[in-house]
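A short worksheet on the structure shown next.
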Amino acid sequence: MRSERDKMLAGELYDPLDPELVRGRDRARDLCQDLNATRESQQAERRRILEELFAAGGDDVWMQPPFFCDYGSNITLGKKCFFNFNCVVLDVCRVSIGDYVFFGPAVQIYTATHPLEAELRRTQEFGKPVTVGSDVWIGGGAIICPGATIGSRTVIGAGSVVTKDIPDGVLAAGNPCRVIRNITKS
């Protein structure tokens with residue numbers, strides 16, 4: 001029989017109150033609380049926490065606390081990612097982030113979603129993975145919704161709500177987020 005964690009990561013309905021999942025969330029929240037309590041002078045302690053929190057990329061991410069996530073273990077970061085203040089990642093499914101990605105303040109990434117049927121929603125939820133390519137800049141306050149993919153070398157405008165895939169090499173903005181134009185060299 002498959003575990004609730006396996007179902008969660010596969011994007012299937014699962015029970016979020018499963019003890020293994022509760023322990024995973026508690027672990028991540030404790031690590032986030034430790035991270036968020038550090039001072040600027042405690043860079044070595046921040047690095048230790050980030051390496052423990054993320055599946056990959058904690059060794060060279062630049063994180064400006066506070067930061068919050070559900071599990072952390074479902075987040076993989078490429079090289080030299082930057083998170084500004086107050087970012088949130090609800091990682092019930094995989095969150096894959098490429099190299100040199102910049103997140104403005106208060107960016108939110110959601111993989112978690114819920115059934116539309118009220119009775120089922122009381123005990124079950126599911127998720128859809130999020131992928132962000134390399135060399136992406138996501139402006140402050142943007143929200144990346146479950147299942148979205150953002151292509152490499154793309155810029156997402158501040159306050160945008162990304163509800164569908166955005167291709168490589170474009171400036172996109174709005175609610176819902178839409179392509180404004182291609183990005184060309186100046």
Any sub-3.5 Å donor-acceptor pair from [X]'s side-chain atoms to [Y]'s backbone N or O?
X      : Y      : result
Gln42  : Arg39  : yes
Asn36  : Phe67  : yes
Arg47  : Gly58  : yes
Asp18  : Glu20  : yes
Thr76  : Ala56  : no
Arg121 : Pro115 : yes
Asn182 : Val170 : no
Asn86  : Pro105 : no

What closest approach, in Å, do [X] and [Y] show between heavy atoms, and which atom pair accounts for it?
X      : Y      : result
Ala112 : Pro146 : O-CG, 3.4 Å
Ile166 : Ala172 : CG2-CB, 3.8 Å
Gly72  : Ala28  : N-CB, 4.3 Å
Met63  : Pro65  : O-CD, 3.2 Å
Pro176 : Thr163 : CB-OG1, 3.7 Å
Val92  : Met8   : O-CG, 3.0 Å

Does Glu119 CD have over 12 foreign heavy atoms under 6.0 Å away?
no
Answer yes or no: are there more than 12 heavy-atom neighbours, outside Gln33 itself, under 6.0 Å from its atom CD?
no
Is [X] linked to [Y] within one hydrophobic cluster, defined over Ile, Leu, Val, Met, Phe, Trp and Tyr using a side-chain heavy-atom separation of less than 4.5 Å?
X      : Y      : result
Tyr110 : Val95  : no
Val89  : Ile143 : no
Tyr71  : Ile109 : no
Leu9   : Ile97  : no
Leu90  : Ile144 : no

Would you say [X] and [Y] make side-chain contact, with heavy atoms under 4.5 Å?
X      : Y      : value
Val161 : Cys145 : yes
Ile49  : Thr38  : yes
Thr154 : Pro167 : no
Ile75  : Cys69  : yes
Ser3   : Lys7   : no

From [X] [atom1] over to [Y] [atom2], what is the distance, rounded to the nearest 0.5 angstrom?
X      : Y      : atom1 : atom2 : result
Cys87  : Gln108 : SG    : CD    : 8.5 Å
Asn74  : Arg94  : CG    : CZ    : 5.5 Å
Trp62  : Phe102 : CH2   : CZ    : 8.5 Å
Asp91  : Ser73  : CG    : OG    : 6.5 Å
Asp168 : Ile150 : CG    : CD1   : 11.5 Å
Leu53  : Asp34  : CG    : CG    : 10.5 Å

Relative to the ring of Phe83, is the ring of Phe103 parallel (under 30°), tilted (30 to 60°) or perpendicular (over 60°)?
parallel
Start with the C-alpha gap between Arg48 and Glu52, add the side-chain angles, then the distance that decides, and say whether side chain to side chain contact (heavy atoms under 4.5 Å, CB included) holds.
CA-CA 6 Å; Arg48 183 198 64 74; Glu52 189 176 343; 3.1 Å; yes
Hey, are Arg2 and Glu12 close enough for a salt bridge, meaning a charged N less than 4.0 Å from a carboxylate O?
yes
Atom pairs and distances, side-chain donor-acceptor, residues 122-142, under 3.5 Å, sequence neighbours left out:
| from | atom 1 | to | atom 2 | distance (Å) |
| --- | --- | --- | --- | --- |
| Glu125 | OE2 | Tyr14 | OH | 2.4 |
| Ser134 | OG | Asp99 | N | 2.9 |

If you look only at pairs with a residue in residues 65-78, which of them pass as a salt bridge (Lys or Arg N to Asp or Glu O under 4.0 Å), with sequence neighbours excluded?
Arg29-Asp70
Show your reasoning for whether side chain to side chain contact (heavy atoms under 4.5 Å, CB included) applies to Val22 and Asp26.
CA-CA 6 Å; Val22 171; Asp26 288 349; 3.8 Å; yes
Please name all residues satisfying side chain to side chain contact (heavy atoms under 4.5 Å, CB included) with Leu171, sequence neighbours left out, ordered by chain then number.
Val155, Ile180, Arg181, Ile183
